[in-house]
Enquirer: 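Before I ask anything, let me first share the structure, which is written out below as structure tokens.
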Number of protein chains: 2
Amino acid sequence: MSGIQKAACIGGGVIGGAWAARFLLGGIDVAMYDPHPEAERIVGEVLANAERAYGLLTMAPLPPKGKLTFVKTIEEAVAGADWIQESVPERVDLKRNVITQIDAAADPKALIGSSTSGIMPTELQRDMKHPERMFVAHPYNPVYLLPLAELVGGQKTSPETLELAKERLAPIGMKGVILKKEIEAFVGDRLLEAVWREGLWLIQDDICDTETLDDVIRYSFGMRWAQMGMFETYRIAGGEAGMRHFIAQFGPCLSWPWTKLTDVVDLTDELVEKIASQSDAQSGAYGFRELERIRDENLVGIMQTLKASNGGKGWGSGKILADFEKHLWAQGGAKKEAPDLSQPLRLIDTKVSAAWVDYNGHMTEHRYLQVFGDTSDALLRLIGVDFAYVEAGHSYYTVETHIRHLGEAKLGNRLYATLQILSTDDKRIQYFSTIRNAETDEIVATAEQLMLHVDSKAGKSVAAPAEVLAKLKPIADAHATLPVPDGVGRSVGQKK
Amino acid sequence: MSGIQKAACIGGGVIGGAWAARFLLGGIDVAMYDPHPEAERIVGEVLANAERAYGLLTMAPLPPKGKLTFVKTIEEAVAGADWIQESVPERVDLKRNVITQIDAAADPKALIGSSTSGIMPTELQRDMKHPERMFVAHPYNPVYLLPLAELVGGQKTSPETLELAKERLAPIGMKGVILKKEIEAFVGDRLLEAVWREGLWLIQDDICDTETLDDVIRYSFGMRWAQMGMFETYRIAGGEAGMRHFIAQFGPCLSWPWTKLTDVVDLTDELVEKIASQSDAQSGAYGFRELERIRDENLVGIMQTLKASNGGKGWGSGKILADFEKHLWAQGGAKKEAPDLSQPLRLIDTKVSAAWVDYNGHMTEHRYLQVFGDTSDALLRLIGVDFAYVEAGHSYYTVETHIRHLGEAKLGNRLYATLQILSTDDKRIQYFSTIRNAETDEIVATAEQLMLHVDSKAGKSVAAPAEVLAKLKPIADAHATLPVPDGVGRSVGQKK
């Protein structure tokens, strides 16, 4: 995946700031131009949210964070950038002027994407000298988590530009979806607008309140749409006969009086007040930042669930996350510094996420073994037993584990895990891992484990190849000089 | 929660059959009336799907499945039923006649819900003698997983009926959402209809194909709506200033040309063929049953994720699942038969779900400990250490675990776990659990574990109370006469 080398963000509100966060966490330097006096604070807050979310999202090694620079002019921002993202307010004249100014200063090969929610790219590229590299890249809030960018070209955009934009977004975990033709509001916002209009009527006419409307969505089709969208869902509803049968059955509803869409609701002060106070009753118990945090944790959990779907091959946004992680592992392996062998290897830094705790906020028992397993995996990658190695048919399997629980980990605690090799031979690695609280350095749990090198198709243990053993040896040799940790060799309940 | 005692299903297609499945898996006997010659096969298929999904959904003890009877008349079906669900085809005359017939034969206190997608209850209850107990209970496919039922009363429906319906649905894991007024298509289908209309235009006009449209939904707002709905999402988009700010900012879009909603698309043969062939290209690689399975596994995963959300308190549909499980545990405890103490206790029956496996379809290491942890929890409930006990401030904590991996568990494998107590005192329980493949009876993994009774607020071990020890003693005494299992007392890597 050939990615972005340097990005410029023109406009740093909620959307522009979140684009910057995605670029930075993807290891890309960002120059930000935004004349708003509080731009630096706002971008900083969005970036902090994004970092927290990424800490929960993936165990894959994120690249070193890119460098964020605030600059005073558009010209400074776009200098040297190969991707420029415009996210200024939604006014056609303003956007067109900014884009024309970007065009004049940027490298003619740099791609220029607009975050507009609805203006057609033909309108925006009108006055450009190099309009062929300009397009709409419309993201969805929170941009650092939701993978979609609608890619829309105008009359002067070259088809190669859209393909190149799609390719460049992939390494930062984004999915560029190319539309065939431009249209106001593109695809997503047209669908959202339809629901919004109908929803306003339902509130206006007191059919339900905002909380009921949200419950109707999230207890039903919201969950369907998180993973299959509309047509695939209806295909299933059509049964064996699929889409044709579904349309035959439900097509006639189109002419029934099932919507008020032909009228536009009048947004009177009274209606605005009704919606706002219903929304306060519904969500007012949570502060804005708290709702954001819950939303982000839910989105992370949904994507992780979908990553495991379809027999582990991934589904929907989970497939995109899986691809993103494969890319991170491939990158991470290449960039890794030589480890410090004079002490146990620090292999995992993580945080106790909402999905890991019971109703009391304590980390669930099996999540400890998940962290120990991730620690083992990190050792394996260090000695060349990575995704490609495993796919080629060999691996190390855990055969025996002894865990001691010596402390508690709670929601939000930062943890780290170290690993010390105890003994090895050509098939076996016996080692001792320790999970500590990163703030207090207290030991939370330890594990002694034994892994065996296996031929996974034959289902039997075999000697590891020389190149793996050669990477393992210096670590094992260095660790042989370390003191044996307390707890090694224990059986359950053994008196000390 | 005061639930349904006996249900009647009038109409057994995809919706009626899935209602039946929800009732049956909730322990409720169902009488089914459907003159369709294949009704029994169709209901059987839906029920098989539902059972597979529930096997993945929850570890809580489902009640003994209700009894399903196919009957020849509506009168037979409704005899003795306190909930009657009408799910016949969507024609007002047909539905009205069936409901009038139900009304004449049923106990006047029995509740009568209609599954109609859009007909107003006032239309349906017109000719009833006891119309006050009739309402719309509109569910969403798959009815056995999605928790929503829109509850809508007509002019003659009593308000008590809707409250009672809501109360009776809760014990089967359903959320009745009461609308304030009746309107054609209620809330959910109006919103869906709006998106469907706009979506048809986008396909008709070649803005995108069905796959792109679905991707736009599922990579973006589909995930937002699975957990927060529309108004709560927009509240966040409004930032600190919330809903009022959001409307001020985006309200004007309503008057922009962002939808084609004022026209209705003409469903020509050509358009139907275009949609159907695009849908084949998008989803044709998966069979209908395979898509259903993937959908159900994804929905299960999303609900489980949301159950752990909000610091373990649950969020959206995950909160409903948590409440459902609490109810199941409470019920399960009451109905439990005395365990057979002449052998290790069989405490867990489960199945390797999609969320449990790696990309090779093998059960991930830490999921073994999850099953062992669930096994421990089942023992604890048996001796009175249940949810209420833990909430009151005491519990048993695992302090030490030794696991041996002796076989492999793969996606879809059915597993069961047994537990044998090795030794106890007033604070400690040491025990040995075994996970076996339920088809081959081969041992997959074993665990020796030590638990300590603790005062969780004080954070120290204390003696368990007499009533807990009294329940523990007969099990421990009986297990003391069993042979010591192979593997007890091992340390990691110990030569045997």
Enquirer: Nearest 0.5 angstrom please: Glu448(B) CD to His402(A) NE2, how far?
Expert: 8.5 Å
Enquirer: Could you go through Ser317(B) and Met223(A), starting from their C-alpha distance and side-chain angles, then the distance that decides it, and tell me whether this counts as side chain to side chain contact (heavy atoms under 4.5 Å, CB included)?
Expert: CA-CA 9 Å; Ser317(B) 59; Met223(A) 280 195 281; 3.4 Å; yes
Enquirer: Could you tell me whether the side chains of Thr305(B) and Thr305(A) share a donor-acceptor contact shorter than 3.5 Å?
Expert: yes
Enquirer: Below 4.5 Å, heavy atoms only, C-beta onward: do Val195(B) and Met230(A) meet side chain to side chain?
Expert: yes
Enquirer: By a 4.5 Å heavy-atom criterion (distance strictly below it), what part of Leu145(A) contacts chain B: side chain, backbone, both, or neither?
Expert: neither
Enquirer: Using side chain to side chain donor-acceptor pair (under 3.5 Å), reason through Tyr234(B) and Asn141(A) one step at a time and then give a plain yes or no.
Expert: CA-CA 10 Å; Tyr234(B) 287 158; Asn141(A) 197 27; over 6 Å; no
Enquirer: I want to check something: taking the side chain as every heavy atom from C-beta on, are Ile207(A) and Lys180(B) in contact at a cut-off of under 4.5 Å?
Expert: no
Enquirer: Give, as side chain, backbone, both or neither, the part of Leu202(B) having an atom under 4.5 angstrom from any heavy atom of chain A.
Expert: side chain
Enquirer: Would you call the rings of His366(B) and His366(A) parallel, tilted or perpendicular, taking 30° and 60° as the class edges?
Expert: parallel
Enquirer: Between Phe221(B) and Leu146(A), does the side chain to side chain contact (heavy atoms under 4.5 Å, CB included) criterion hold? Intermediate values first, please.
Expert: CA-CA 9 Å; Phe221(B) 60 84; Leu146(A) 294 178; over 6 Å; no
Enquirer: Is it true that the side chains of Glu297(B) and Ser309(A) contain a donor and an acceptor less than 3.5 Å apart?
Expert: no
Enquirer: If you count heavy-atom pairs under 4.5 Å with chain B, which of Ile178(A), Val300(A), Asp280(A), Thr212(A) comes out on top?
Expert: Asp280(A)
Enquirer: Would you say the side chain of Gln227(B) lies within less than 4.5 Å of the side chain of Ile302(A), judging by non-hydrogen atoms?
Expert: yes
Enquirer: Are Tyr286(A) and Trp315(B) an aromatic pair by the rule of ring centers under 6.0 Å?
Expert: yes
Enquirer: Where do Val492(B) and Thr401(A) land on the side chain to side chain contact (heavy atoms under 4.5 Å, CB included) test, with the steps shown first?
Expert: CA-CA 6 Å; Val492(B) 172; Thr401(A) 297; 5.8 Å; no
Enquirer: Is Phe186(B) close to chain A through its backbone or its side chain, or both, or neither, when contacts mean heavy atoms under 4.5 Å?
Expert: backbone
Enquirer: Would you say Trp225(A) and Leu192(B) make side-chain contact, with heavy atoms under 4.5 Å?
Expert: yes
Enquirer: With chain B as the partner, which of Arg404(A), Arg295(A), Glu408(A) has the greatest number of non-hydrogen pairs under 4.5 Å?
Expert: Arg295(A)
Enquirer: Answer with yes or no after comparing the ring centroid distance for Trp196(A) and Phe231(B) against a 6.0 Å cut-off, counting only values under it.
Expert: yes
Enquirer: Against chain B, label Ile236(A) side chain, backbone, both or neither, depending on which of its atoms sit under 4.5 Å from a heavy atom there.
Expert: both
Enquirer: Given a strict heavy-atom distance threshold of 4.5 Å, which part of Val177(A) is in contact with chain B: side chain, backbone, both, or neither?
Expert: side chain
Enquirer: Between Arg190(B) and Glu198(A) (salt bridge meaning N to carboxylate O under 4.0 Å), is one present in this structure?
Expert: yes
Enquirer: For Ser279(B), is there any backbone N or O sitting under 3.5 Å from a side-chain donor or acceptor partner on Arg235(A)?
Expert: yes
Enquirer: Within the 4.5 Å heavy-atom criterion, are Met303(B) and Tyr219(A) side-chain neighbours or not?
Expert: no
Enquirer: Just give me the residue among Asp215(A), Val488(A), Thr210(A), Asp209(A) that pairs up with chain B most often, heavy atom to heavy atom, under 4.5 Å.
Expert: Thr210(A)
Enquirer: Counting distance only, does the side-chain N/O of Lys175(A) pair as donor-acceptor with the main-chain N or O of Val216(B) below 3.5 Å?
Expert: no
Enquirer: With only heavy atoms counted, which part of Ile203(A) is less than 4.5 Å from chain B, the side chain, the backbone, both or neither?
Expert: side chain
Enquirer: Is chain B contacted by the side chain of Glu150(A), its backbone, both, or neither, given a heavy-atom distance below 4.5 Å?
Expert: side chain
Enquirer: Taking every heavy-atom pair that is under 4.5 Å apart, which of Arg224(A), Gln278(A), Glu182(A), Gln282(A) has the most such pairs with chain B?
Expert: Arg224(A)
Enquirer: For residues Leu369(A) and Arg367(B), determine if any side-chain heavy atom of one lies less than 4.5 Å from a side-chain heavy atom of the other.
Expert: no
Enquirer: Does the side chain of Ile217(A) come within less than 4.5 Å of Leu191(B)'s, by heavy atoms?
Expert: yes
Enquirer: What part of Leu422(B) gets within 4.5 angstrom of chain A, counting heavy atoms only: side chain, backbone, both, or neither?
Expert: neither
Enquirer: Counting heavy-atom pairs closer than 4.5 Å to chain B, which one of Leu179(A), Leu291(A), Leu450(A) comes out on top?
Expert: Leu291(A)
Enquirer: Tell me which of these, Tyr368(B), Tyr140(B), Tyr397(B), has more heavy-atom pairs under 4.5 Å with chain A than the rest.
Expert: Tyr140(B)
Enquirer: Within the side chain of Asp214(B), is there an N or O that forms a donor-acceptor pair under 3.5 Å with the backbone of Glu232(A)?
Expert: yes
Enquirer: Check the side chains of Ser491(A) and Arg490(B) for a donor-acceptor pair under 3.5 angstrom, ignoring hydrogens and angles.
Expert: no
Enquirer: Taking it one step at a time, do Asn310(A) and Asn298(B) satisfy side chain to side chain contact (heavy atoms under 4.5 Å, CB included)?
Expert: CA-CA 9 Å; Asn310(A) 194 18; Asn298(B) 290 343; over 6 Å; no
Enquirer: If we ignore hydrogens and angles and just use 3.5 Å, is the side chain of Lys181(B) paired with the main-chain N or O of Cys208(A) as donor and acceptor?
Expert: no
Enquirer: Is Glu365(A) close to chain B through its backbone or its side chain, or both, or neither, when contacts mean heavy atoms under 4.5 Å?
Expert: both
Enquirer: Heavy-atom cut-off 4.5 Å, strictly under: side chain, backbone, both or neither for Gln430(B) against chain A?
Expert: side chain
